[in-house]
Amino acid sequence: MTEAIVSAVFERLTSISLQVAENGVRLVVGVNEEVKKIGTTLCTIRAVLEDAEKRQVKEQAVKFWLDRLQNVAYDIEDLLDEWSTAVIRSKIEEPQSSFRLSSLQPFANSIPRLVGRRGIATKIKELSESLQVIAKEKDDFAFIVNLSRNDDIEPERPKTTCFVDASEIRGRDQDKNTIISMLLSENGQERGIPIISILGMGGIGKTTLAQIVYNDREVNAYFQKKLWVCVSDPFDEMRIAKAILEALTGIPSGLGELNTVLVKIHESIEGKKFLLVLDDVWTEDERKWQSLKCCLKSGASPGSKILVTTRKENVATVMGCTRLFHLGKLSEEECWSLFSQVAFSGWNHGARQILADIGKKIADKCNGLPLAAKTLGGLLRLKKSREQWQRILDSNMWELDEAETGLFSPLLLSYYDLPAPLRQCFSYCAIFPKGCKIEKDLLIRLWMAQGFLGDGNGMEIVGEEYFDNLAMRSFFQEFETDENDDGIIRCKMHDIVHDFAQLLRKRECYVVASNGIEEQRAEWYHENARHLRVILDNEQAVIPSLLYNAKKLRSLLVDSCPSNSSTLNVSLPRLFDELTCLRMLDLSNKFRRQTSITELPCQIGKLIHLRYLSLEGNKGLKLCSSIQGFKVPINLRHLQNAETYGCTSMTFGLKRSTLLQTLEEFVVGNLFGGDLRKIFIGREVGRSNLGYLGNFAHLRGNLKIIGLGDVSRRSEAEEAGLWKKTGLRNLTLSFNFKYKGNRVLEGAYAHESSVLEALQPPPYLESLNINRMNGPTAFPSWMVSLTMLKRVRLWACFNWKTLPPMWKLPVLEHLEIWEMKNVKEVGQEFMGAETEKGQASSSSSSSVNNNIAFPCLKHLKFQSMDGWQEWYYGHLLTTMPLLCSLKINSCLKLKSLPRHLPQKTTLQVLDIFNCPILTERYLRNGTGEDWHYISHIPTITIDGEDVKRDGN
């Protein structure tokens, strides 16, 4: 990992030197020589790092030397970032100085910049001296010098999108049947809830076996409720109790008292037969388990069971396990079967035969551990030569006796086979809690924030490639894929792999919990800590005082209880004053019901290195009272601000953040203060901040614009330049922030259609949401030109009396229409119409020329259409030829479905809910007059009841 950091610093040193030269920045005397000296020294050190990285596993002195080198490299990187930021800021501020009236002011303004350059020069000299000392010490270790380096080579792009499914099991059928038999057996003479423990060493497959059992068909039928909780270490009673309650109710708990949570659990399980899986339990303190155990015991009905997985027999004893199941290793044949399944995936028979003999010897070294077999299989599937396989077999990494019987040995082999950039990307995953789901897009953004993916365009593509490489090597598992394109959207890490990542980031990455009662132990704190997750368990919890001293932190994630927002608000100004090296800051509110923070202080402008900021879910968030002094960090790339609802003033501080790539929510406000709506309605001059979006040329992903109903001029919408932002994929255009149900005067909102027309999205848009328009029905001309547009939702446009001609969209697959309260008829304007000559009424696409309406539509949903009564089929020859799902919800007056629509052979799902007239027409068993029109559909649900399911 040190190798990757040193390499990154070396490259950054080169690029910033060019940046300084290009911008004509004058340097303090002597700085240029010191910069060259640092570059030369780093180049010399890089030549020995490959050998040093491998020797640190067994040689503590080498490990200590690498740690010191890594810390200096981090400091150099921070200083270079500070220097680069100063250059960028000078470019932004220089044009502004020409507008100053006083000739003395520019001179006065240059004084702090000169002082700033001298400060940077002093730091460069100090770090150069520290680096020289470390460079001299390297000679004491007699490292092997490697001049033919290959760590900068881009990792091989995976040649297939078919990732190995590591959940396929070998040799566990008998174990599975034994555990299921225990779970389905009656309790007999046992008092309380039977607790069954799967006991075994790390990586042997305890969690996987529990998952297979948990999802078994017989088990599903036997238990009324099933709950899965990843416990891990430490055993946090409150977190576990909340996780159980959330699994029972499906709603995240915002409760702050353990007793209250336990009472809710008791109420939810009373009289129900449940299965609770507690995965990866470590605690040997019986007191921590006692309260939860009593709660479960008192509420459980006969037949309920608890299944525990653990590595320690003492844990099983403390938990009160009534049955113990020792999970053994795989046999040689089973281990070879699993290894070869992964290693030879996609290989032809001849290639397998050539390497089978070496492969069996490597599989034997896996010692019957499934995780080791899968990890090494993932490593070797990318290597095709006999020499490469032999080198793995002969590696001295097998001699390690650390961890659990050398389980880390195969992981180290795979880790050191990674190119240097991928090593730090993998080890950074230690910042996630064990057992949590990791969002792929989020992970890539965090890699970007830390500078792991380089600097410049195309970082997202590099991140995708890095993720795919790590996935193919089995560092990730339990993939969840997108239903549309089968791309991976989230994954997990095996517990042992997570432990390994934490080992690599030891003294760098920590998790600390604060409950406001027990004094915090200082074990987590280290002066060179770089990444920290703080958990504030309850309203008494406070930010640990030692955190303010961790001045070199690069990542800070705060998981706060929703009731302790005042404590966090008080702490933020000081945190921002002290932790100025932060590149990633997560202050999101996971509970969504209440806000975690209410105000973002002006001191956030001091976080000049900040690339990633998450404020998600902090509803009604406000900025510091001095709005004019509020400035978002200039290097910010990703602002996750969904559901901050109405933080209008934030956009004023974003003007300089031209590098922004993620901006989830943009709230339209008035540039001149006051209520923009009042200014417009009163015919006074008012101008919105919508044009600021034009500054953010790199925006991509999701964007939601709120308050567009307050934009009075088409020109303001044009200044936003949405059509230029080619990276945008999902766009929401919301015209009124809050609908108050006021009567709208005729023509009062005629400008909305003009504004919508000016907000033309980029051609690659995939999803569009338009809502809360107050004017008449609108259908912008650009919509038909969006040839990638697959999803559209239209909702809460209360004054629309007809629906727009959505039938014209050539590739639309999903369409939802909600709360169009004044629409009474849906007919040819929506479904499609022919001219007298038999041609479609428009020729904007080939599908329309072929007289096909909705040529690609698969899923159609109408909901809460209060006034809707009639639905006509339309007049085109072909309508919705691919429709497979139709859902009608809360359309109280709708009389019938178009007769041709439900008769389609492609239709697989029909769901009618709270539509009394339709329900009566389509009742089963012949009582509904139109049942025979829908009886062929495989799955029919009416008012929540499955009338037919999968044809039965």
Side-chain angles (χ1 to χ4, degrees), residues 1-9 41-42 44-77 127 129-146 151 201-203 233 365 372 375 392 394-418 420 422-424 426-431 496-511 521-532 550 552-554:
M1 191 170 63
T2 307
E3 191 176 6
I5 297 166
V6 170
S7 297
V9 170
T41 307
L42 286 174
T44 305
I45 291 175
R46 288 175 78 195
V48 303
L49 285 181
E50 183 177 350
D51 185 44
E53 291 262 20
K54 293 178 180 178
R55 283 175 53 180
Q56 69 169 321
V57 178
K58 288 191 172 184
E59 299 179 41
Q60 193 63 33
V62 175
K63 168 72 174 162
F64 180 68
W65 180 81
L66 282 173
D67 286 346
R68 290 174 54 222
L69 172 61
Q70 183 171 287
N71 290 326
V72 172
Y74 273 135
D75 292 342
I76 294 174
E77 188 176 34
L127 290 172
E129 291 172 354
S130 299
L131 192 62
Q132 302 308 316
V133 173
I134 292 172
K136 288 178 182 177
E137 291 175 355
K138 82 179 188 319
D139 299 332
D140 298 336
F141 297 103
F143 291 126
I144 298 172
V145 177
N146 179 15
D151 55 280
M201 64 187 301
D233 191 34
K365 283 181 173 284
T375 301
I392 296 297
D394 296 338
S395 172
N396 58 12
M397 290 293 177
W398 293 110
E399 299 170 8
L400 289 178
D401 54 4
E402 296 182 15
E404 294 195 351
T405 319
L407 179 59
F408 284 170
S409 298
L411 291 172
L412 278 166
L413 283 166
S414 288
Y415 174 75
Y416 284 122
D417 186 68
L418 293 172
L422 262 73
R423 293 182 204 166
Q424 58 182 351
F426 162 70
S427 62
Y428 186 76
C429 296
I431 199 169
I496 295 293
V497 177
H498 187 273
D499 290 343
F500 178 60
Q502 287 185 316
L503 176 69
L504 295 171
R505 290 278 179 174
K506 191 176 181 181
R507 295 194 176 183
E508 258 196 50
C509 187
Y510 299 91
V511 177
R521 295 176 298 176
E523 297 171 4
W524 67 270
Y525 173 73
H526 191 275
E527 63 179 354
N528 290 313
R530 306 287 173 176
H531 313 288
L532 178 65
K552 295 183 178 180
L553 273 184
R554 291 180 159 216

Residues Arg554, Glu77: salt bridge by 4.0 Å N-O rule: yes

Can you tell if the side chain of Tyr428 reaches within under 4.5 Å of the side chain of Arg423, non-hydrogen atoms only? no

Do the non-hydrogen side-chain atoms of Glu129 and Val133 ever get within less than 4.5 Å of each other? no

As a quick check of understanding, evaluate side chain to side chain contact (heavy atoms under 4.5 Å, CB included) for Val511 and Ile431, giving each step before the final call. CA-CA 8 Å; Val511 177; Ile431 199 169; over 6 Å; no

Between Ile144 and Val48, is any pair of side-chain heavy atoms under 4.5 Å apart? no

I'd like to check Arg46 versus Thr41 (side-chain heavy atoms, cut-off strictly below 4.5 Å). Are they in contact? no

Interatomic distance, Glu137 atom CD to Ile45 atom CD1 [nearest 0.5 angstrom]: 10.0 Å

Would you mind reporting whether Val497 and Phe426 have side-chain heavy atoms less than 4.5 Å apart? yes

Report the distance from atom OH of Tyr415 to atom CG of Leu503, rounding to the nearest 0.5 Å. 10.0 Å

When rounded to the nearest 0.5 angstrom, what distance separates CG in Leu127 from OH in Tyr74? 15.0 Å

CG on Leu131 to CD1 on Ile76, rounded to 0.5 Å: 5.0 Å

Side chains of Lys63 and Arg55: does their closest heavy-atom pair fall under 4.5 Å? no

Mind checking side-chain contact (heavy atoms from CB on, under 4.5 Å) for Ala52 and listing every partner two or more places apart, or none if nothing turns up? Val62, Trp65, Leu66, Phe143

Does the side chain of Gln70 come within less than 4.5 Å of Asn528's, by heavy atoms? no

Hey, are Arg507 and Asn71 close enough side-chain-wise for a donor-acceptor pair under 3.5 Å? no

For Arg505 and Ser427, which heavy atoms make the closest approach, and how far apart are they? NE-OG, 3.0 Å

Taking Gln56 for its side chain and Glu53 for its backbone only, find out whether a donor-acceptor pair lies under 3.5 Å. yes

Contact between Ile5 and Gln424 at the side-chain level, heavy atoms closer than 4.5 Å - yes or no? yes

Test ring-ring contact (aromatic ring centres under 6.0 Å, His included) applied to Tyr510 and His531, step by step: CA-CA 6 Å; Tyr510 299 91; His531 313 288; 10.0 Å; no

